[in-house]
Amino acid sequence: MAFADAFYNTIVKRNSVFVPAIFAGAFAFNMGFDIAISQFWDHWNRGRQWKDIRGRYIQDADES
């Protein structure tokens, strides 16, 4: 119960603190979700993306 009271008194009680806390939480969730999904996608499609197969098709200037 102490956690709930502390949470209410510090974040939810005043709208001027609650709204920025919601925005900060949404931003943090968005960043975390984006990073997690990108890592999952890269792992799932390893070897099939341009960044993985680029060396097969593009020659460096010094190799020509």
Side-chain angles (χ1 to χ4, degrees):
M1 195 67 165
F3 177 74
D5 288 337
F7 177 76
Y8 175 77
N9 287 329
T10 57
I11 296 179
V12 180
K13 192 172 186 178
R14 292 184 299 160
N15 194 41
S16 61
V17 177
F18 183 61
V19 171
I22 294 296
F23 282 114
F27 181 76
F29 178 79
N30 181 31
M31 295 299 292
F33 187 79
D34 185 46
I35 290 169
I37 293 298
S38 294
Q39 288 178 348
F40 171 75
W41 181 264
D42 288 341
H43 178 73
W44 191 265
N45 293 303
R46 185 174 294 147
R48 291 179 258 172
Q49 298 182 60
W50 177 248
K51 65 182 180 179
D52 298 330
I53 63 171
R54 183 175 188 261
R56 296 182 199 167
Y57 301 102
I58 303 294
Q59 294 179 353
D60 292 335
D62 57 347
E63 291 180 9
S64 298

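In what follows, every heavy atom counts, from backbone to side chain, and hydrogens, waters and symmetry copies are set aside.
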What side-chain donor-acceptor pairs closer than 3.5 Å can you find for residues 44-51, not counting sequence neighbours?
unit_1 : atom_1 : unit_2 : atom_2 : d
Asn45  : ND2    : Trp41  : O      : 3.2
Arg46  : NH2    : His43  : ND1    : 3.2
Arg48  : NH2    : Trp44  : O      : 2.9
Gln49  : NE2    : Asp42  : OD1    : 3.3
Lys51  : NZ     : Asp42  : OD1    : 3.3
Lys51  : NZ     : Asp42  : OD2    : 3.1

TODO: Each residue besides Val19 in its hydrophobic cluster should be listed here, by chain and number; the cluster joins Ile, Leu, Val, Met, Phe, Trp and Tyr at side-chain heavy-atom distances under 4.5 Å.
DONE: Phe23

Task: Of all pairs that satisfy salt bridge (charged side-chain N to carboxylate O under 4.0 Å, His left out), the ones with a partner from residues 16-32, not counting sequence neighbours - done: none

Task: Co-members of Ile22 in a cluster of I, L, V, M, F, W and Y side chains, linked at under 4.5 Å - done: Phe7, Tyr8, Ile11, Val12, Phe18

- [ ] Quick one: which residue pairs count as a salt bridge (charged side-chain N to carboxylate O under 4.0 Å, His left out) with a foot in residues 3-15, not counting sequence neighbours?
- [x] none

Open item on the list: For Phe29, give me all partners under ring pair (Phe, Tyr, Trp, His ring centres under 6.0 Å), at least two apart in sequence or on another chain.
Closed with: Phe33

Open item on the list: Testing the basics here: between Val17 and Pro20, what is the closest heavy-atom pair and its distance to 0.1 Å?
Closed with: O-CD, 3.4 Å

